[in-house]
Chemist: 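Following this message is one structure expressed as structure tokens.
When a ligand or atom number is given, it counts from 1 through the structure's own listing order. Scope of the values below: all heavy atoms of this structure, side chains included, with no hydrogens, waters or symmetry mates.
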Amino acid sequence: MAARFEGVDYYDVDSLLSEEERMIRDTVREWVDDEVVPIIGEAYIERRFPTELKPKMAEIGVFGANLPEEYGCAGLNNVAYGLIMQELERGDSGIRSFASVQGALVMYPIYEFGSEEQRREYLPRLARGELVGCFGLTEPDFGSNPAGMRTTARKSGSGWVLNGTKMWITNGSLADVAIIWAKTGDLGDPNSIRGFIVPTTTPGLTAHDQKGKLSLLASDTSEIALEDVCVPEEALLPEGRALRSPLMCLTQARYGIAWGAVGAAMACFDEAARYANERIMFDGPIGGKQIQQVRLADMLTWITQGQLLALQLGRLKDRGAARPQQVSLAKRANVDMACNVAREARRLLGANGILIEYQAMRHMCNLESVYTYEGTHDIHSLILGQDVTGIPAF
Ligand code: TGC
Ligand code: FAD
């Protein structure tokens with residue numbers, strides 16, 4: 001039985017948070033301890049997203065938490081939103097993914113690029129978890145380079161007809177609505193890319209679970225095929241006019257991941273530190289051995305750096321001053337950091353570290369997906385390289 005999580009806060013980062021931010025963090029923290037940690041190992045082994053958690057996630061306001069209250073959202077600042085992502089991913093990357101996709105990749109584009117009618121129709125129901133959404137950008141041959149996508153939407157009478165295949169879509173088989181990005185060839189640009197809100201019951205849309213995953217097992221990942229899918233004009237997100245629109249959504253999701261990764265790392269460190277004091281080998285706790293102390297010192301240092309990075313990024317975002325490249329830096333650094341922490345924690349745990357009863361290996365495997373999605377580590381290196389040199393090297 002896992003002990004209650006008491007936080008990892010070596011630099012008193014708590015003192016940099018407002019009372020409201022701490023309260024929101026603690027509410028989600030408690031819920032994760034009570035309802036996620038006890039069941040997540042089993043859900044992972046069963047390879048299912050625990051949908052039973054969805055109503056409570058909606059009740060505590062995690063879906064689109066930084067979007068305005070007038071659309072049924074919590075209207076929180078970006079630091080509070082980040083703290084929510086941190087706590088959810090302390091439970092499991094799949095739980096944070098579910099919330100990230102719903103909020104940053106489905107609700108945000110409807111809020112940012114949708115009409116007022118679309119906002120009023122969809123946002124409150126997505127916030128309440130009555131509807132689940134997914135985001136279809138990636139295709140089998142266009143992952144890192146979505147500009148090359150082959151999915152098309154062609155004007156037909158009073159609506160549009162969509163054809164194509166989207167791959168690796170989180171929540172793809174669970175979703176009620178899909179945000180599908182497609183080449184429309186209108187607006188005077190043969191490569192124009194626009195977004196559509198497509199109910200997943202629309203004839204011609206099929207979703208298939210991605211088989212054979214070894215990572216993010218407590219999350220639904222699916223392929224979505226679109227064959228002559230007809231949608232009315234009202235399905236088009238009117239203000240999304242180019243690749244820039246889906247990339248703006250990615251910036252929102254990457255921001256949440258920068259915080260979420262810190263949560264996964266904190267869970268691994270907490271587990272490793274406890275184990276180090278409990279596990280007796282060569283007549284004493286392994287925590288009394290210098291090699292394990294170095295390991296713990298490294299983990300603590302990396303986490304502390306990651307916490308400060310996420311918090312300052314959040315403060316910049318709340319001032320409207322965070323650039324996408326700064327978000328890339330934090331996504332890249334914090335996910336890499338969390339991968340390293342999870343791996344070191346797993347090693348410290350010895351053979352027990354490969355068991356589902358412990359968290360480290362589950363987080364370690366999950367984080368390989370997090371390292372890859374929302375822009376691979378390499379893509380973020382190139383984004384930063386371009387920012388420094390002015391030379392695109394993609
Ligand atoms: P490029 O010419 O650089 O940019 C086109 C326009 O977009 C603007 N822009 C951005 N705006 C906001 N945020 C960003 N992050 C932006 N990146 C670029 C840019 O300023 C430009 O604007 P404008 O007005 O001048 O037209 O476009 P490019 O085709 O060269 O692509 C650049 C590149 C490689 C960085 C981009 O394609 C990229 O980020 N690729 C990675 C793809 C990716 O991250 N896919 C993620 C799919 S979704 C997902 O993984 C969900 S996982 C969910 C979960 O479970 O949590
Ligand atoms: P590729 O682009 O084929 O990359 C392969 C390798 O080449 C990587 O190491 C990459 O870094 C490297 N590489 C690529 N380009 C360059 C370059 N120019 N220079 C140097 N190296 C390069 N997508 C969605 O749209 N919606 C989702 O909900 C979603 N959820 C996902 C969930 C999971 C579990 C996973 C694993 C992926 C998900 N994705 C989703 C897709 C994800 O965004 C892509 O996998 C990611 O963008 C990378 O694309 P790719 O897998 O095709 O890799």
Chemist: Among all protein heavy atoms in this structure, tell me which lies nearest to atom 36 (C) of ligand 1, with the distance rounded to 0.1 Å.
Modeler: Leu247 CD2, 3.9 Å

Chemist: For atom 3 (O) of ligand 1, state whether the nearest protein heavy atom is under 4.0 Å away.
Modeler: no

Chemist: Heavy-atom distances under 4.0 Å are what count here, so tell me which part of Glu374 touches ligand 2: side chain, backbone, both or neither.
Modeler: backbone

Chemist: Look at the rings of Tyr275 and Tyr358 and say which category their plane angle falls in: under 30° parallel, 30 to 60° tilted, over 60° perpendicular.
Modeler: perpendicular

Chemist: Name the orientation class of the two ring planes belonging to Phe98 and Phe49 (parallel below 30°, tilted from 30 to 60°, perpendicular beyond 60°).
Modeler: parallel

Chemist: I'd like to know if atom 17 (N) of ligand 1 has any protein heavy atom within a distance of less than 4.0 Å.
Modeler: yes

Chemist: Return yes or no for this condition: an N or O of Ser144 is under 3.5 Å from an N or O of ligand 2.
Modeler: yes

Chemist: Do Phe135 and ligand 1 have an N or O pair less than 3.5 Å apart?
Modeler: no

Chemist: Can you name the atoms of ligand 1, numbered from 1 with element, that are less than 4.0 Å from a heavy atom of Arg96?
Modeler: 56 (O)

Chemist: When you look for heavy atoms under 4.0 Å from ligand 2, do you find them on the side chain of Thr376, its backbone, both, or neither?
Modeler: side chain

Chemist: Give the atoms of ligand 1, by number and element, whose distance to some non-hydrogen atom of Gly143 is under 4.0 Å.
Modeler: 42 (C)

Chemist: Give the contacting part of Leu105 toward ligand 1: side chain, backbone, both or neither, where contact means a heavy-atom distance below 4.0 Å.
Modeler: side chain

Chemist: Among all protein heavy atoms, pick the one closest to atom 16 (C) of ligand 2 and tell me residue, atom and distance.
Modeler: Ile379 CD1, 4.2 Å

Chemist: Around atom 20 (O) of ligand 1, find the nearest protein heavy atom and jot down its residue, atom name and distance.
Modeler: Arg244 NE, 4.5 Å

Chemist: Could you tell me, atom by atom, which parts of ligand 1 come under 4.0 Å of a heavy atom of Pro146?
Modeler: 37 (O), 40 (N), 42 (C)

Chemist: Could you check whether any heavy atom of Asn171 sits closer than 4.0 Å to an atom of ligand 2, since that is the contact criterion I want to use?
Modeler: no

Chemist: Purely on distance, is any nitrogen or oxygen of Phe135 under 3.5 Å from one on ligand 2?
Modeler: yes

Chemist: In terms of atom number and element, which parts of ligand 2 are under 4.0 angstrom from non-hydrogen atoms of Phe394?
Modeler: 18 (N)

Chemist: Identify the protein heavy atom lying closest to atom 54 (C) of ligand 1, giving its residue, its atom name and the separation to 0.1 Å.
Modeler: Ser97 OG, 3.4 Å

Chemist: Side chain to side chain donor-acceptor pair (under 3.5 Å), that's the test. Do Arg96 and Ser100 meet it? Break it down for me.
Modeler: CA-CA 6 Å; Arg96 196 269 309 138; Ser100 277; 2.9 Å; yes

Chemist: Indicate whether atom 30 (O) of ligand 1 is within a distance of less than 4.0 angstrom of some protein heavy atom.
Modeler: no

Chemist: Going through the distances and angles, do Glu87 and Arg25 end up as a side-chain contact (heavy atoms from CB on, under 4.5 Å)?
Modeler: CA-CA 7 Å; Glu87 292 305 314; Arg25 191 265 324 272; 3.6 Å; yes

Chemist: Taking the cut-offs as 6.0 angstrom to the six-membered ring centre and 45 degrees off its axis, would you call Arg128 and Phe63 a cation-pi pair?
Modeler: no

Chemist: Is the shortest N/O to N/O distance between Thr170 and ligand 1 below 3.5 Å?
Modeler: yes

Chemist: Among protein heavy atoms, which sits nearest to atom 39 (O) of ligand 1, and what does the distance come to when rounded to 0.1 Å?
Modeler: Arg254 NH2, 3.0 Å

Chemist: What pairs meet the ring pair (Phe, Tyr, Trp, His ring centres under 6.0 Å) rule with one or both residues in residues 301-336, with sequence neighbours excluded?
Modeler: none

Chemist: Heavy atoms of the protein only: does one fall short of 4.0 Å from atom 34 (C) of ligand 1?
Modeler: yes

Chemist: Is at least one protein non-hydrogen atom found at under 4.0 angstrom from atom 6 (C) of ligand 2?
Modeler: no

Chemist: Atom 3 (O) of ligand 2: protein heavy atom closer than 4.0 Å?
Modeler: no

Chemist: Please state whether the rings of Phe113 and Tyr108 are parallel, tilted or perpendicular, taking 30° and 60° as the class boundaries.
Modeler: perpendicular

Chemist: Should Tyr122 and Leu67 be counted in the same cluster of Ile, Leu, Val, Met, Phe, Trp and Tyr side chains packed under 4.5 Å apart?
Modeler: yes

Chemist: Measure the distance from atom 40 (N) of ligand 1 to every protein heavy atom, then report the residue, atom name and distance (to 0.1 Å) of the closest one.
Modeler: Ser144 O, 2.9 Å

Chemist: Where does Phe394 meet ligand 1, judged by heavy-atom distances below 4.0 Å: at the side chain, the backbone, both, or neither?
Modeler: side chain

Chemist: Which pairs pass side chain to side chain donor-acceptor pair (under 3.5 Å) with one or both residues in residues 304-316, sequence neighbours excluded?
Modeler: Glu21-Arg315

Chemist: Checking a contact table here: which protein heavy atom is nearest atom 40 (C) of ligand 2, and how many Å away?
Modeler: Trp168 O, 2.8 Å

Chemist: Is the contact between Leu216 and ligand 2 made by the side chain, the backbone, both, or neither, using heavy atoms and a 4.0 Å cut-off?
Modeler: side chain

Chemist: Does Lys289 make a cation-pi contact with Phe282 (under 6.0 Å, within 45 degrees of the axis)?
Modeler: no

Chemist: Checking a contact table here: which protein heavy atom is nearest atom 13 (N) of ligand 1, and how many Å away?
Modeler: Thr251 OG1, 2.7 Å

Chemist: Can you name the atoms of ligand 2, numbered from 1 with element, that are less than 4.0 Å from a heavy atom of Thr138?
Modeler: 23 (N), 24 (C), 25 (O), 40 (C), 41 (C), 42 (C), 43 (O)

Chemist: Quick one: look up the protein heavy atom nearest atom 49 (C) of ligand 1 and list residue, atom name and how far away it is.
Modeler: Glu374 OE2, 3.7 Å

Chemist: Should one rank Gly143, Gly375, Ala175, Pro392 by closest heavy-atom distance to atom 49 (O) of ligand 2, which comes out on top?
Modeler: Gly143

Chemist: Just go through Leu382, Leu250, Ile379 and tell me whose heavy atom is the nearest to atom 48 (S) of ligand 1.
Modeler: Leu250

Chemist: Assess the residue pair Thr165 and Glu223 against the criterion (side chain to side chain donor-acceptor pair (under 3.5 Å)); give the C-alpha distance rounded to whole Å, side-chain angles, the decisive distance to 0.1 Å, and a yes or no.
Modeler: CA-CA 7 Å; Thr165 307; Glu223 178 181 304; 5.2 Å; no

Chemist: Check each of Thr372, Asp378, Leu250 against atom 8 (C) of ligand 2 and report the one with the nearest heavy atom.
Modeler: Asp378

Chemist: Show the atoms of ligand 2 that are less than 4.0 angstrom away from any heavy atom in Leu137.
Modeler: 25 (O)

Chemist: Applying side-chain contact (heavy atoms from CB on, under 4.5 Å) between Trp259 and each of Leu311, Asn334, Ile84, report the one that passes.
Modeler: Leu311

Chemist: Please report whether atom 10 (C) of ligand 2 has a protein non-hydrogen atom at a separation of less than 4.0 Å.
Modeler: yes

Chemist: Are any non-hydrogen protein atoms located under 4.0 Å from atom 43 (O) of ligand 2?
Modeler: yes

Chemist: Which of the atoms in ligand 1, numbered in the order shown and given with their element, are less than 4.0 Å from a heavy-atom of Ile383?
Modeler: 35 (C)

Chemist: What do the steps show when you test Lys155 against Asp186 for salt bridge (charged side-chain N to carboxylate O under 4.0 Å, His left out), and what is the final call?
Modeler: CA-CA 9 Å; Lys155 198 94 180 88; Asp186 61 345; over 6 Å; no

Chemist: Taking distance alone, with no angle check, do Ser369 and ligand 2 share an N/O pair under 3.5 Å?
Modeler: no

Chemist: Does the protein put any heavy atom within less than 4.0 Å of atom 25 (O) of ligand 1?
Modeler: no

Chemist: From atom 28 (O) of ligand 2, is the closest protein heavy-atom distance below 4.0 Å?
Modeler: yes

Chemist: Counting heavy atoms only, which of Leu243, Val327, Asn191 is nearest atom 27 (O) of ligand 1?
Modeler: Leu243

Chemist: I'd like to check atom 32 (C) of ligand 2 in this structure: does the protein have a heavy atom lying under 4.0 Å from it?
Modeler: yes

Chemist: Got the closest protein heavy atom to atom 47 (C) of ligand 1, with its distance?
Modeler: Thr138 OG1, 3.6 Å

Chemist: Would the Trp160 and Phe196 ring centres measure less than 6.0 Å apart?
Modeler: yes

